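First comes the structure, then the notes that go with it.
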Number of protein chains: 2
Amino acid sequence: MGIRAIERAMAVLQELNLQPINTIAQLHARTKLPKPTLVRILRTLEDAGYVENDPRQGGYQVSALVTSLSSGYHKGPLVVEAGRAWAIAMTRQHKWPVAIALPDYDRMVVRFSTVPDSFVSPFHSTVNKRLNFLTRGLGLAYLAFLDNDEFDLIIDVLKRSDDPENALSHHPDELKRLVGRVHENGYAIRSSLVEPKNSNTIGVPIISHGGRVLASIGLTYFKSAFGSEQEACDRYAPILKSAAAAISEDLDRLSNHLAA
Amino acid sequence: MGIRAIERAMAVLQELNLQPINTIAQLHARTKLPKPTLVRILRTLEDAGYVENDPRQGGYQVSALVTSLSSGYHKGPLVVEAGRAWAIAMTRQHKWPVAIALPDYDRMVVRFSTVPDSFVSPFHSTVNKRLNFLTRGLGLAYLAFLDNDEFDLIIDVLKRSDDPENALSHHPDELKRLVGRVHENGYAIRSSLVEPKNSNTIGVPIISHGGRVLASIGLTYFKSAFGSEQEACDRYAPILKSAAAAISEDLDRLSNHLAA
DNA sequence: CATCGCCGTTTCGCAACGCGAAACGAAGGG
DNA sequence: CCCTTCGTTTCGCGTTGCGAAACGGCGATG
C-alpha cells in the first residue's frame with residue numbers, strides 16, 4: 001500500500017495525457033476523485049510545471065516539462081524512435097491518430113501513439129495497450145508478413161488461448177484466406193466484430209531492408225467520416241505504406257552511419 | 001503551496017531520470033529527503049509501475065511506463081523528433097551523451113538528451129536546461145550559422161544582460177573572431193572558462209535544406225578520456241556533422257511526404 | 001428576468017495519513 | 001571481530017491532506 005496522494009497524482013497525470021484538454025468534470029468522471037482533491041492535485045502539478053491551466057480553453061493540459069519525467073528512458077527499439085517523427089507528421093496533416101506497435105508474446109503492444117494530439121476522441125490511452133494479432137489492424141499487419149516459421153510459432157501460442165479474439169487460430173483455412181488478403185493488399189484493417197465499432201484502424205508492416213518485420217504502424221479514423229471502408233483505405237493505405245518504407249529507410253541509414 | 005508528497009515524488013522521478021541506476025543513498029544526497037521517505041515514495045512508484053527495483057544492480061531505475069506520463073505531449077518541433085533516433089544511435093555507439101537544443105529568447109534550451117543512457121555522469125538533467133549562446137557548444141553552434149540580421153538581433157538581447165557568460169557581446173572584435181572560427185570549423189566547443197571543467201561539449205548546427213538554422217546537436221565527453229581537445233574534435237565533429245545532415249535530410253523527406 | 005443546473009474553486013474542522021527518528025539486519029572493509 | 005554503511009522496517013506523533021458543504025459564475029431554460 002503506497003502513498004495515496006502520489007498514486008492519485010500519477011493517475012491524474014495519466015488521464016491528462018489522453019486528451020489535449022481536460023476539464024475538472026471529465027477528470028472527476030474518469031478518476032472518481034472528489035473535485036476539490038483534483039483541484040489540489042492539479043495545482044500542485046501546475047506549480048511544479050507539469051501541467052498548464054488555460055481557463056480560456058476551459059481545462060488543464062500537460063506541459064512541456066512532462067517530457068523530462070521520461071527523458072531518462074530510451075530503452076525502446078530504434079524503430080519506434082525512427083517512426084515517431086513520421087507518425088507525428090502524419091497526424092499533423094491528416095488529423096487522425098497514428099500508432100506504432102511491436103510484438104510481445106501473444107499480442108502487439110502499442111509503443112507510441114499520437115492519440116492525444118489528434119481529435120478529441122473517446123479512446124483511452126493506446127500506449128502500452130495490448131492488441132490481439134488476429135482481429136486488430138496493427139496485429140494482422142505484423143502477422144501477415146512474417147515468414148512461415150515465425151507465423152506458425154505465434155499461431156501455436158494463440159491456439160492455447162481461450163480469448164475469443166484468438167478464435168481464428170483454430171480455423172486454418174479461414175485464417176489463411178484472411179492473411180492472404182492482407183498480404184495482397186499490403187495493409188490490414190480491424191475486424192468488424194470487435195470493439196470499438198465506431199472506428200477502424202488501417203495497419204501496415206514496417207519491414208527492414210533485410211526483410212524482417214519489425215513493427216506495424218497504423219492510422220485510426222471514425223467510420224462516420226467516410227462513405228465506405230474502401231474509401232478510407234484507398235486514401236490512407238498508400239500514405240501508411242510510404243511512411244513505413246521511409247521509416248525503414250531511416251533505420252537503414254542509421255545503421256550504415258553507425259557502421260561507418 | 002501544493003501537496004508535499006506529490007512534489008517530492010515528482011522530484012524523485014526527475015532524479016531517477018538522470019542516471020541509469022540510482023541508489024537510495026544517491027537520491028538521499030540529491031533530494032535531501034529522509035531515507036524512509038524515499039523508500040516509501042519509491043515503493044509507491046514501483047507499485048504503480050513507473051519504477052523498477054533491481055537489488056542485483058543495487059538500485060532503482062525508471063521503467064517503460066514512465067513514457068506514458070508524457071505520451072500525450074508532442075508539441076515539440078519536428079526537428080527534435082527527427083533527431084531523437086540519431087542521438088540515441090550515436091550514444092549507443094560512442095557511449096557519450098548527445099543533446100539537441102533549440103533557441104529560446106536569450107538562450108538555447110535542451111529539448112532532448114541521452115544523458116541517462118550514457119555513462120554514469122555527474123551531470124544533472126540537461127533536458128530543459130538553458131545554455132548561454134556565447135559560452136556553450138550548443139549555443140555557439142547555433143549562433144555562428146545564423147544570417148547577419150538574426151545574429152545581430154540576438155547579440156542585442158545579450159548586450160542587455162549582465163550575465164558574465166554574455167560578456168563577450170560587448171567585445172565585437174573578439175566575438176567576430178570566435179564566430180569566424182566556429183564557422184570555419186563547422187563545429188563549436190564549450191568555453192574553457194565555464195563549468196563543468198572536467199567535460200566538454202562539441203556542437204554542430206542542424207541546418208534545413210532551405211538554409212535556416214533549426215537547432216544544434218552536441219556530444220559531451222569527459223576531458224580525461226582524451227589526450228587533447230583536438231583529438232576529441234577530430235573524432236566526433238565529422239560524426240556530428242553527418243548526423244546533422246542526416247536529420248536535415250529526414251526533415252526534408254518528411255515535408256515532401258506531407259506535400260505529396 | 002428569475003430560476004435552475006452545472007461548472008470550477010474555496011473554506012474549514014476533523015482525523016487519517018504520511019512522517020522521520022530510531023532501530024534493525026545484512027553486507028562489506030579494515 | 002568490530003565498525004561502518006547500506007537499504008529497509010517499526011511505530012507513536014502531529015502535520016497534512018482530506019472532502020462535505022458552501023460559494024460565486026455562467027449559460028440554458030421557461
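Note that the coordinates shown come from a computational prediction; the quantities given were computed from them, not determined experimentally. Here is the naming used below: chain letters follow the sequence lines, and residue numbers restart at 1 for every chain.
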From the list B:Leu158, B:Leu131, B:Asn132, side-chain contact (heavy atoms from CB on, under 4.5 Å) partner of B:Arg107 resolves to B:Asn132

Indicate, with a heavy-atom threshold strictly under 4.0 Å, whether A:Pro36 touches base, sugar-phosphate, or nothing.
base

To the nearest angstrom, the CG-P distance between A:Leu27 and C:dT9 comes to 11 Å

From CZ of B:Arg56 across to P of D:dG7 the rounded distance in Å is 17 Å

Separation of D:dG7 atom P from B:Ile41 atom CD1, nearest Å, is 15 Å

Looking at A:Arg40, does any N or O in its side chain come under 4.0 Å of the phosphate oxygens OP1/OP2 on C:dT11?
-> no

Does the side chain of B:Arg190 come under 3.5 Å of the side chain of B:Ser199 through a donor N or O and an acceptor N or O?
yes

Between CD1 of B:Ile6 and C1' of D:dT16 the distance, given in whole Å, is 12 Å

Atom CD of B:Glu7 and atom P of C:dG18 are separated, to the nearest Å, by 15 Å

Problem set entry | B:Thr37 side chain near C:dG18 phosphate (N/O to OP1/OP2, under 4.0 Å) | no

Taken to the nearest whole Å, CZ/A:Arg43 to P/C:dT10 is 7 Å

Q) Regarding A:Arg8 and A:Thr31, is there a side-chain donor-to-acceptor distance under 3.5 Å anywhere? A) no

Exercise. Determine: side-chain N/O of B:Thr23 to OP1/OP2 of D:dC6, distance under 4.0 Å, yes or no.
Key: no

Looking only at C:dT9, D:dT16, D:dG19, the nucleotide nearest the A:Ile24 side chain is C:dT9

Q) Does A:Arg8 place a side-chain N or O at less than 4.0 Å from the phosphate oxygens OP1/OP2 of D:dG17? A) no

Of B:Leu33 and A:Val39, the one whose nearest nucleotide on DNA chain C sits closer to the 5' end is A:Val39

Geometric class of the A:Trp96/A:Tyr221 ring pair [parallel <30°, tilted 30-60°, perpendicular >60°]
perpendicular

Whole-Å distance, B:Gln26 CD to D:dC6 P, equals 10 Å

**Item:** Residues B:Arg4 and B:Glu7 bridged, charged N to O under 4.0 Å
**Value:** no

On DNA chain C, more 5' by nearest nucleotide between A:Arg4 and A:Lys35 is A:Lys35

When rounded to whole Å, the NE2 to C1' distance for the pair A:His28 and C:dG8 reads 12 Å

Do the side-chain N or O atoms of A:Asn53 get closer than 4.0 angstrom to the phosphate oxygens (OP1, OP2) of C:dG8? no

